Each structure stands twice: as structure tokens, then as C-alpha cells.
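Take a look at the structure below.
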Amino acid sequence: MSRIRQVIFLCAVCGSLGMGGRTAPEKIIREEPVLFITGEDGVPQGRLLLEPEKILKATDTAGVRSYAEGRDFVVDAPKRRIILPPGSAILAVTEAELYPAPGSPRSYDGHRNSRRHMCYSEDGWLPERQIRFTYRFRVDDRPLPKDGIGDVPHFRQKLLGKQPVNIAVFGDSISLGCNATAFLKLEPFQPVHYERFVRYLRTRYSCEVAWHNFSMGGKTAVWGAGNLEDLFRIHVVPDLIILAWGMNDASGGHTAEQFRKAIQTQMARLKEKFPDVEFLLLSSMLPNPEWKYAGTELFDSYSVILCSLARHDGVLTVNLTPYWRKIMERKGFMSLTGNGLNHPNDFGHRIYAEALIHAFER
């Protein structure tokens with residue numbers, strides 16, 4: 001792993017934003033969440049992203065309550081596994097809570113198996129059960145985000161010239177900030193990924209960066225193509241517009257061609273209004289694979305479309321989807337989600353931020 005990529009990893013995922021490649025990184029992951037699920041063997045367990053060398057701290061989401069190795073959890077380092085022993089003060093999620101009975105709290109009739117319901121919560125229930133581990137890792141062998149495709153040369157030039165820049169964001173509820181703890185108004189109040197990205201740009205390039213969010217929860221790229229009026233009325237001229245769609249398009253069954261047409265329409269109409277604007281196209285995280293409306297088979301085709309659009313001048317595509325998939329395979333979806341269905345938790349937002357930062361550190 002190159003030095004610059006180590007820095008990116010530490011900046012976005014470990015939470016130490018703003019190093020910008022100028023300091024040597026430490027081999028520490030900070031506040032990585034783990035949801036402990038009681039399996040068929042009756043043993044509550046969860047997984048870390050990397051093999052830990054030493055657990056430095058384990059706390060609840062708010063950072064108020066601490067947990068002790070040996071008493072509250074046991075580490076199986078080679079398997080990246082954390083196990084809860086009998087008497088642990090850490091709450092594990094049971095089978096009945098993960099697949100609640102109809103009519104019970106957080107029960108949602110959305111499982112692909114019609115005989116089961118699934119856990120869905122837009123409040124603090126899941127974050128409060130995701131224990132945050134800070135640990136020194138042995139080897140950084142995790143997957144890395146893909147390089148950005150295309151470029152936004154005018155936007156880069158303004159950054160390098162330390163000129164003020166304006167960014168507009170147009171996307172769905174993920175871009176709105178759901179379920180970051182700042183959005184939920186819960187400790188530790190960590191922000192949506194764009195705020196992390198903007199903080200990085202400000203520090204890395206020593207310039208003023210303002211961002212303006214026009215995202216709407218529950219909406220699709222198809223809806224967005226016909227609802228650009230609020231963005232048209234932005235009080236500044238944007239230098240960069242981030243288009244981030246896909247989650248609701250997939251759950252709504254929109255075909256790849258419908259998605260392509262919607263993104264192209266948005267870009268054409270926005271370019272007509274703002275002739276000098278450049279675009280960053282961001283693909284989506286994946287939803288809970290057990291959700292009957294997941295539309296998982298559509299996400300890769302959406303990514304292919306976004307990458308193909310980067311052939312145009314002034315378009316940069318950040319393909320998050322395959323990166324998210326690889327991390328999800330290591331940790332499991334429920335340790336990355338804030339609502340159990342289709343929103344990231346704080347760590348998920350940090351994964352988004354890392355992908356964005358990586359595209360600007362090449």
C-alpha cells in the first residue's frame with residue numbers, strides 16, 4: 001500500500017481528516033462499529049475490517065461507556081472476530097430482534113422471504129448497539145476504493161490556485177445525511193460524507209470550499225431529471241455538481257436505460273444553466289441483501305453507466321459500489337448500516353468520504 005493511500009485510509013476511515021499526505025500515518029483504525037449478532041450456535045459475535053494487533057479502546061456509540069477486553073469481549077485476531085462471553089455488558093442483537101415478529105417494534109414486512117419480517121429503524125436503536133472499536137492493526141490488507149474515472153480539470157485548477165469553490169449536491173436520502181449521528185442528533189454527531197470531503201478539500205488545498213445540498217429523501221434519478229428547479233435557483237454559481245443516485249432507482253426497478261437517460265438529462269439541463277460547471281458522478285452503496293426490494297442486480301449496471309459518462313470532458317466518476325461490496329463482505333451489512341435497510345451509519349459515511357477523497361489524491 002502506497003504512503004499516500006495509507007494517508008487517505010487514515011483520513012477518511014480512521015477519522016483523522018486533513019492530513020493531506022503530509023504526515024506519516026499510524027496503523028490505527030478509530031471507532032470502527034461492530035454489531036454483535038447471536039448466531040445459531042448461541043454465541044454473539046461480529047467482525048472487524050482488519051486483523052487487530054491490539055484493541056486500544058471499545059466504547060458505545062456516544063463514547064460514554066467503555067468495555068474491557070476479557071470481561072466484555074474476546075478477540076479472535078486471525079479471524080478478525082470479536083466474541084461476547086457470558087456476562088458481557090455489551091448488548092447483542094438476537095434472532096428475534098433481527099427478524100422481529102409482525103406488529104412488534106422495528107418490524108418491517110420487507111424480507112425477501114415472505115414468512116419473515118426484518119429489522120428497520122430510523123432512530124438510534126441500531127447505532128446504540130454498534131460498539132466502536134479503536135485498534136492497532138497488523139497489516140492493512142483491506143480493499144481500496146477504485147481510482148476515479150475521468151477528471152474535473154477546471155475544478156482542480158481552482159483548488160490548486162487556492163480560489164474559493166462552490167459544490168452542489170443532488171441525490172437521495174444518503175446524500176441528505178441519513179443516518180449519520182449528526183443527522184439523528186445523537187452523540188458523537190458525526191457528519192454526512194460530503195462534510196468530511198469538504199473539510200479535506202479545505203485543508204488539503206488551503207482554500208474556501210462551500211457546499212449546498214439539494215438532495216431529497218426517497219427520490220430517484222428519474223424524479224431528479226424533472227425536478228431541478230431548486231438547484232437552478234442556487235444563489236451561487238456551482239463549480240462542481242455531485243449527482244448521487246441509485247439506491248431508490250434500484251428498489252423501484254428502474255432499468256439501466258432509464259437510469260442512463262435520467263442522469264444524462266440532469267447533466268444536460270444543468271450544463272445549459274451553468275455552462276462552466278463540471279460533474280462528479282457517485283455510485284451508491286448496496287442495501288441489505290435480504291430486502292425484497294433491494295434490486296441488487298441493478299447496481300453494477302448503474303455503475304457501468306456512470307463510468308461510461310466519464311468519457312465526456314469535465315466529468316469525474318467515483319465508483320463506490322464495488323468498494324462497498326468488498327467491505328460489506330468483510331464486516332457484514334448490519335455493522336455498516338444506520339437503519340438496517342438502505343442507509344449508512346457513521347462508518348458507512350466515512351467509507352463514502354474515503355472514496356471521494358481518493359479520487360482527488362491521484
Side-chain angles (χ1 to χ4, degrees), residues 145-159 165-172 174-175 193-194 197 211-216 219-228 231-232 234 237-286 295-325 351-362:
K146 289 183 173 292
D147 291 340
I149 301 173
D151 201 6
V152 284
H154 298 302
F155 183 73
R156 285 185 187 274
Q157 193 60 38
K158 292 191 76 171
L159 291 174
V165 294
N166 286 286
I167 300 172
V169 177
F170 194 40
D172 52 32
I174 298 169
S175 288
H193 47 280
Y194 298 117
F197 175 53
W211 73 287
H212 315 266
N213 200 342
F214 296 88
S215 302
M216 290 283 288
K219 302 304 183 182
T220 66
V222 173
W223 174 89
N227 290 273
L228 293 164
L231 213 165
F232 286 162
I234 187 172
V237 176
D239 299 288
L240 181 74
I241 295 178
I242 300 176
L243 300 178
W245 303 98
M247 180 61 73
N248 299 320
D249 294 271
S251 63
H254 291 164
T255 66
E257 188 53 38
Q258 287 176 304
F259 186 76
R260 178 196 298 275
K261 183 178 179 181
I263 298 296
Q264 288 179 318
T265 299
Q266 289 182 40
M267 293 172 67
R269 293 189 64 199
L270 290 165
K271 192 71 172 176
E272 183 178 348
K273 177 69 175 179
F274 309 109
D276 297 326
V277 76
E278 295 178 316
F279 295 97
L280 189 155
L281 308 181
L282 177 61
S283 69
S284 177
M285 63 174 274
L286 295 168
T296 308
E297 70 284 354
L298 290 168
F299 284 86
D300 285 341
S301 62
Y302 292 171
S303 292
V304 169
I305 286 166
L306 296 179
C307 292
S308 71
L309 293 175
R311 291 177 298 185
H312 300 282
D313 292 338
V315 181
L316 172 65
T317 294
V318 178
N319 190 9
L320 175 85
T321 303
Y323 178 50
W324 181 279
R325 179 183 289 115
I351 292 169
Y352 264 86
E354 182 192 15
L356 290 166
I357 291 169
H358 180 84
F360 279 82
E361 280 289 356
R362 58 181 189 170

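In this chain, numbering begins with 1 at the start of the sequence shown. A quick note: this is a predicted structure, and the numbers were derived from the prediction, not measured. Computation of the quantities below employed the complete heavy-atom set of this structure, encompassing side-chain atoms and omitting hydrogens, waters and symmetry-equivalent molecules.
The NE2 atom of H358 sits 9.0 Å away from atom OH of Y323, with the distance rounded to the nearest 0.5 Å. Note that CZ of F232 and CZ of F274 are 7.0 Å apart. Values are rounded to the nearest 0.5 Å. Between the OG1 atom of T321 and the CE atom of M247 there is a distance of 8.5 Å, given to the nearest 0.5 Å. Taken from OG1 in T317 to CD1 in I149, the straight-line distance is 6.0 Å, to the nearest 0.5 Å. Remark: L243 CG to L280 CG distance equals 8.5 Å, nearest 0.5 Å. Distance check, rounded to the nearest 0.5 Å: CG of L320 to CG of L281 gives 13.5 Å.
Sorted by first and then second residue, the side chain to side chain donor-acceptor pair (under 3.5 Å) pairs with a member in residues 268-281 form an empty list; sequence neighbours excluded.
When the options W245, Y194, F279 are evaluated for a ring pair (Phe, Tyr, Trp, His ring centres under 6.0 Å) with F170, the one that passes is W245. For the ring pair (Phe, Tyr, Trp, His ring centres under 6.0 Å) with H193, the qualifying choice from W211, Y352, W324 is Y352, the only one to do so.
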For this session: List the steps, then state whether side chain to side chain contact (heavy atoms under 4.5 Å, CB included) holds for I242 with I167.
Result: CA-CA 7 Å; I242 300 176; I167 300 172; 3.9 Å; yes

For this session: Step by step, work out the side chain to side chain contact (heavy atoms under 4.5 Å, CB included) result for F299 and M285.
Result: CA-CA 9 Å; F299 284 86; M285 63 174 274; over 6 Å; no

For this session: Begin from the C-alpha positions of S284 and I174 and carry the test side chain to side chain contact (heavy atoms under 4.5 Å, CB included) through to its verdict.
Result: CA-CA 9 Å; S284 177; I174 298 169; 4.1 Å; yes

For this session: Take M216 and S175, measure what side chain to side chain contact (heavy atoms under 4.5 Å, CB included) needs, and give me the verdict at the end.
Result: CA-CA 8 Å; M216 290 283 288; S175 288; over 6 Å; no

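The salt bridge (Lys or Arg N to Asp or Glu O under 4.0 Å) check on D313 picks up nothing, with sequence neighbours excluded. Shown here are the ring pair (Phe, Tyr, Trp, His ring centres under 6.0 Å) partners of Y302, two or more places apart in sequence or in another chain: F259. With sequence neighbours excluded, no residue forms a salt bridge (Lys or Arg N to Asp or Glu O under 4.0 Å) with K146. By the side chain to side chain donor-acceptor pair (under 3.5 Å) test, H212 pairs with N166, sequence neighbours left out. By the side chain to side chain donor-acceptor pair (under 3.5 Å) test, S215 pairs with N213, sequence neighbours left out.
A donor and an acceptor atom, one from each side chain of T220 and N248, are nowhere located under 3.5 Å apart.
Taking the side chain as every heavy atom from C-beta outward, D300 and R325 approach each other to under 4.5 Å.
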